[in-house]
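Scroll down for the structure; my scribbles are underneath it.
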Amino acid sequence: MNNYDHTKIEKKWQKEWDTKKTYATASSKKAKGKKPFYVLDMFPYPSGAGLHVGHPRGYIGSDVIARKMRMEGYNVLHPMGYDAFGLPAEQYAIQNNIHPRKAVEQNVKTFEHQLSILGLSYDWSRKINTTDPEYYKWTQWIFEKIYESWFDTEKNSARPIAELVALFEKRGNVGISACSSNTQLFSAKEWLLMSEMEKQNTLMQYRLAYEGYSEVNWCPELGTVLANDEIVDGPNGPVSERGGYPVEKKTMRQWFMRITAYADRLISGLDNLDWPSHIKEIQKNWIGKSEGAEIEFKVESVKSKVGTIKVFTTRADTLFGVTYVVLAPEHPLISNLKSQISNLTEVEQYLAEAKKKDDIIRASTDKEKSGVELKGIRAINPANGEEVPVWVADYVLPQYGTGAVMAVPAHDERDFAFAKKYNLPMKQVVKPVFIDPINPPRFGLSEVVRNTVYIFLKNKQTGLYALLRWHGTLEGITTVVMGGQEEGETREEACLKEIKEETGLVNACFVKEMPWVSDAKYCASHKNQNRLSISYAYLYEIDSLDGQILVSEEEKKLATLYWGTAEELAKKVPEHQKYLWAQLCVVSPVLNDGLLMNSGKFDGLSSEEAREKITQSVGGRIVTKFKLRDAIFARQRYWGEPIPLFTKDGIIHEVAEKKLPLELPNVKSYEPTGTGESPLAGVASWVKAGYETNTMPGWAGSSWYFLRYADPKNKKAFADKNELDYWFDKKNQGGVDVYVGGAEHSTGHLLYSRFWHQFLFDMGFVPTPEPFQMLRNQGMILASDGRKMSKRWGNVINPDDIVKTYGADTLRLYEMFIGPFDSSLPWQTDSIIGPRRFIERVWKMGARVLETKSKTTSADAERAIHFAIKKVSEDIASFGFNTAVSAMMICLNEMEKGETISIADFKKFLQLLAPFAPYVSEELWHEISNLESRNSNLQIQDTRNEIQVSSIHLSGWPMFDPAKLVSDTMTIVVSVNGKPREHLTVARTATQKDIEDMARQSEKVQTFLQGVEPKRVIYVPEKLINFVL
RNA sequence: GCCGAAGUGGCGGAAUGGUAGACGCAAUUGACUCAAAAUCAAUCGAUGGCAACAUCAUGGGAGUUCAACUCUCCCCUUCGGCACCA
């Protein structure tokens, strides 16, 4: 046999597979009962830079799965395509003055060449490209379906807009539960009286794709709108990343997708998906569900009642602690009440400043909060009728909740910081509760309430603090000076009394008091009662120990006084006192739940109970809010899907389905127009026809591409229903069986696709509620310097070079072997030689097998092969590619040691290798087939492969025989007190007693037993025996 | 700040309660060779010892267990996500 020549072998088989269409996927009709399996890669954006070695990692992993499933007899859908709309191609076109389509074509060609030499088993006949009019025809079609729908919050599902119109005709919008931005109520009569334009404007508030206005980042110098990641912070505010020109906010007409309608389902739908938990977590946080209450505050001016402020809070239990109300600068009430505000100039100045700030700066937490009081108006706390001031401050966001906040500085960090800065009052209404862990309250005992003072007493001379080490029942406990407040005594008197009694000091001075009250609960066992101390903490100082008098003998028996450092104090005192100490040092708001105080009839309730009861008592309602906002669905650019709408006589119409695709017109220039509009606004015929000049964003085409693969050439539908039913198995919640891609798409692509898919499911266009059943992320391959591979760092490794030098099989094995599939790891060209040597040894092994033509396999080697079958099968299924490769290496090591390896067993090994190294395994497979056909007596009956197929990749997946996994001996570890001391090789039939006897006889074990009879003997079958002394 | 993941030889990593370091790279020694490369064989966590062997060792500290890289608590470090979300 010749030497291993990877170039020759790989060229030969690539050609063979291409011409024979080895990896073609059968349509549902031609599947002949084969079960479907859908393995999908996130399709790439074909950039001009081409692939580096990091890109194929995911593709190789998914290819291994696809190949194994195909060998197991599944009809595997494993497609590839290109997501080619977007900014980079457009910029490339501007710079080089060529059509973006041309740039995309070039880049796709490069990508395809690079992918074609990696042995990936894609069915290239199903290739798609989002910029192909035959593809984006259906992107536009789906857009129209979304445009024609509204969301019924009661049914929790999208419905056709015609059904909404019918409802309006019957009873107006009263009592309709819809996800909408509409605030006006109207009756059926009113609806019928509306003009067509009014009707359309009203419907727009309900559509799932709707027109609205939003602020964009506008760069006047560049004459274009910039995305958030195209902006950086400059010395005087935000500037464009390119050129460093100032960026300001500009309100522009936009299209939106009402993704917020699906917020709840986007969270709950995650439950049954097999996705990495951190991706689920990221999506949940991004959607940001929180339950709270909406409460109305009446607003009064000097003269009269002038309106209401609705606030959203998750802490209705702190309503009695409200000391002011804050509005976002954008809140409509401010302009409505202009005439009532006495300091209007000041307020308007503040609003103007707030407007200048860009979102990024405004959102930074480290920035000091600022605000202005709206003088002349007051809000009325609905809980207690108290009048509180109204402020405007930009720490309140207009988009979240109601754009207004009830401020409770005692119980909220932001309100606390703001109140401190502007000297606004704080009122504590929730007490934290501390339960003594040593003497917790006992069930059934009566509870006695008393005030307790805790005195942190500092000796100014030494800087030390008075501490008491307790005796008797409290033996070993250290506390600060403390005691009860007696009747008729002020707390200050109580402090001085306790200081005198416990330390003998009479000249202590008050320094400060902790502003919050807390509860400590414990059991006073000597009095047989539970106690609730309402706790007050004080800092006192003494100048020196001068004038200290003796402490009574009684007190001495109870506790010993000593002086400790602040660190000692902070470490030694009980949890509750640690808290008091921390609050005395730096006051912070009380954020945790606790028991209500200063809250009238709600005093004593727990926060949880109070939230419900207080909300109810002030007529508030329980609501759920989300952080998620509606998605902007428009770009002011050329290179995107045209939005299939046009305006005629002021009314928006859809482009008829027959007329789709609405193709992108040719333009003279892809440069921004300078007005912020898309280059399409400069095309006279386009504008004349009334077509929408914005194009769709990058995520449009990628939100449904996985559906198109099921039936990529269909001209009548985005995919045939039968094909969708076949590939998107209703048994799963999601349709794609395995989806592999980078983790960076968690809150973009993976959320938008789920949204579209859920919509299509509602409308009956797809069979599963979710698109992707199983998701796995591949880790990045970093450069050997630990940085990302990038042209910028000059550390890019090109896969073409590696394939040339080492072969694609080696590259594939290396990328799978390098480490766990989902961790990011550095590329080490040094290490690639390992997998290469492995393949060469497989090659030699093949030569040996071909020469010896053995019909038997040595026992150890046979066991190794069966073990490898088990391990590789399991590991591929669980994405443990690195250990699968390792298992094959171990297997080869054993086969090399073995005296004889049968042709049949070696073929099983090749089948295991085939998903990882498809070329070399195919070559050896054929060498063996040729030999077998020359020597018919060598043909060994293989029950699994009755039909001899030409390619190893369609040959079947080997099975292991459990009986062949075990040897007749086993190694038992003997340990003494858990430390391994001796290994015993025993017959598999040995009983526990046999093993124990053998172990006791071992000299080594005896030295450790030292003649002592073990207290316990623990036997783990087939593994270990442990003697416990 | 909040949420999440991770920390094991010179390096990538393996082991999810039962022999820590599988497998691979690098390194060292030997064989082959005029020589080198390749290949093959052997060694390869640290400390002590001629050795048998012993002790220590999975970021640090405590705990649970006959037994802990693995489980629990606290702390440190690194990476990822969110960041005034009321």
Exercise. Roughly how far apart, to the nearest Å, are B/rC66 and B/rG59 at atom P?
Worked result: 24 Å

When you check the phosphate oxygens OP1 and OP2 of B/rU55, does a side-chain N or O of A/R981 lie under 4.0 Å from one of them?
-> yes

In whole angstroms, the gap separating C1' of B/rA83 from CD1 of A/I282 amounts to 14 Å

Sub-6.0 Å ring centroid separation between A/F416 and A/F418: no

Checking N1-N3 plus N6-O4 or O6-N4 for Watson-Crick, or N1-O2 and O6-N3 for wobble, each under 3.5 Å, the partner of B/rC40 is B/rG30

Please check if the number of heavy atoms outside A/E896 that lie under 6.0 Å from its CD is greater than 12. yes

RNA chain B nearest-nucleotide lookup for A/V1020 and A/M406: closer to the 5′ end is A/V1020

note: A/L892, atom CG; B/rA22, atom P; distance rounded to Å ~ 18 Å

Classified by glycosidic angle (syn within 90° of 0, else anti), B/rG12 comes out anti

Whole-Å distance, A/I279 CD1 to B/rC82 P, equals 11 Å

* Asked: Going by atom types only, do A/N1026 and A/R1016 share a side-chain donor-acceptor pair under 3.5 Å?
  -> no

When A/I832 and A/G978 are each assigned the nearest nucleotide of RNA chain B, the 5'-most assignment goes to A/I832

If you measure from the P atom in B/rA62 to the same atom in B/rU70, how many Å do you get, rounded?
14 Å

*Rounded P spacing from B/rA51 to B/rU78 in Å*: 42 Å

For nucleotides 56-59 of chain B, which of its nitrogen or oxygen atoms have a protein nitrogen or oxygen under 3.5 Å away, and what is each distance?
residue, atom, partner, partner atom, Å
B/rC56, OP2, A/K979, NZ, 3.2

Atom NZ of A/K1015 and atom C1' of B/rU65 are separated, to the nearest Å, by 14 Å

pair_partner(B/rG9), Watson-Crick or wobble, both distances < 3.5 Å, evaluates to none

- Aromatic rings A/W391 and A/Y422: how do their planes relate, parallel, tilted or perpendicular, breaks at 30° and 60°? tilted

Check ion pair A/R57-A/E815 (N to O, under 4.0 angstrom) | no

ask   = Do the side-chain N or O atoms of A/N1026 get closer than 4.0 angstrom to the phosphate oxygens (OP1, OP2) of B/rG18?
value = no

inquiry  = When the P atoms of B/rU16 and B/rC71 are compared, how many Å lie between them, rounded to an integer?
reply    = 11 Å

#### Entry: Distance between C1' atoms of B/rG81 and B/rC74 (Å, rounded)
25 Å

Margin query: Between A/N285 and B/rA83, is there a contact of a side-chain N or O with OP1 or OP2 at under 4.0 Å?
Written below: no

Across all chains, not counting sequence neighbours, the salt bridge (charged side-chain N to carboxylate O under 4.0 Å, His left out) partners of A/D830 are none

Separation between the C1' atoms of B/rC40 and B/rA67, rounded to whole Å
41 Å

field: Whole-angstrom distance between B/rG17 and B/rA6, as gauged at atom P
entry: 15 Å

Practice item. Taking only the side-chain nitrogens and oxygens of A/K1004, find out if one of them lies under 4.0 Å from OP1 or OP2 of B/rC53. Key: yes

Please determine if a side-chain N or O atom of A/R1016 lies less than 4.0 Å away from the OP1 or OP2 oxygen of B/rC66.
yes

Paired to B/rU16 by Watson-Crick or G-U wobble criteria (both distances under 3.5 Å) is none

Discussion item. Quick one about A/S746 and A/Q283 (side-chain donor to acceptor, distance below 3.5 Å, no hydrogens or angles considered), yes or no?
Written reply: no

Separation of B/rC25 atom P from A/N882 atom CG, nearest Å, is 16 Å

| said: Measuring only the C1' atom in each nucleotide, how far is B/rA38 from B/rA5? A whole number of Å is fine. | reply: 43 Å

### Other residues, nucleotides, ligands: >12 heavy atoms within 6.0 Å of A/K420 NZ
no

Checking N1-N3 plus N6-O4 or O6-N4 for Watson-Crick, or N1-O2 and O6-N3 for wobble, each under 3.5 Å, the partner of B/rA22 is none

A/H278 NE2 to B/rC2 P, in whole Å, measures 21 Å

In Watson-Crick or G-U wobble terms, with both distances under 3.5 Å, the base opposite B/rU58 is none

Exercise. What orientation do A/W843 and A/Y4 show, parallel under 30°, tilted 30 to 60°, or perpendicular over 60°?
Worked result: tilted

Using Watson-Crick geometry (N1-N3 plus N6-O4 or O6-N4) or G-U wobble (N1-O2, O6-N3), each under 3.5 Å, B/rG1 is paired with B/rC82

ask   = Do any side-chain nitrogens or oxygens of A/R837 fall under 4.0 Å of OP1 or OP2 in B/rA26?
value = yes

Among the nucleotides B/rG13, B/rC66, B/rG24, whichever has the atom closest to the side chain of A/I1018 is B/rC66

Kindly say if A/S290 contacts the phosphate of B/rA86, meaning a side-chain N or O under 4.0 Å from OP1 or OP2. yes

To the nearest angstrom, the NZ-C1' distance between A/K844 and B/rA38 comes to 9 Å

Against the side chain of A/D412, the closest entry in B/rC25, B/rA86, B/rC82 is B/rA86

A/Q399 CD to B/rA86 P, in whole Å, measures 13 Å

**Prompt:** So A/W827 and A/Y814, would you call those rings parallel, tilted or perpendicular, with 30° and 60° as cut-offs?
**Reply:** perpendicular

